[in-house]
Amino acid sequence: MLILLVYIVGTIKSYIMIILVLSISTFLFFNFISFFKNVVIKAFVLLLFIFIITIIAFQANFAGQLKILAEESKVQIDSFQKIIRLQNRKAKALYPQQKLMQVLKEMILHSP
């Protein structure tokens with residue numbers, strides 16, 4: 001079940017998976033490095049970790065994923081703006097009708 005959820009999240013929002021994997025790997029790394037008492041070994045393992053993370057960062061397609069994120073955001077913003085425009089048109093269309101109803105009520109009240 002967990003693998004299915006990871007697959008779904010990875011397919012739909014891949015940037016969430018990248019952040020999740022990086023944060024878990026950093027957490028595991030610091031737990032792993034805490035076992036070493038020697039500073040030289042800690043420094044070597046830290047440099048190795050930074051080197052591996054740099055290689056992964058360059059191999060990952062962050063630009064493509066950011067482009068997909070930007071396109072999804074643009075689609076959401078466009079749909080929101082379309083909804084707002086439709087609501088404004090409906091509100092403008094109702095305004096004369098409301099004003100007309102108010103005038104008719106006043107005419108009925110002032111009629112003999």
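Computed from a predicted model, the values in this text were never measured in an experiment. The figures here come from the full heavy-atom set of this structure, side chains too, leaving out hydrogens, waters and symmetry mates.
Take Lys74 and apply the side chain to side chain donor-acceptor pair (under 3.5 Å) test, not counting sequence neighbours, and it matches Asp78.
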Check: residues 29-51 side-chain donor-acceptor pairs under 3.5 Å, at least two apart:
residue, atom, partner, partner atom, Å
Ser34, OG, Asn31, O, 2.7
Asn38, OD1, Val40, N, 3.1
Lys42, NZ, Phe36, O, 3.4

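Ile77 is listed as a side-chain neighbour of Gln81, based on a closest heavy-atom distance under 4.5 Å.
Members clustered with Phe80: Ile84, by chain and number, using a 4.5 Å side-chain heavy-atom cutoff among hydrophobic residues.
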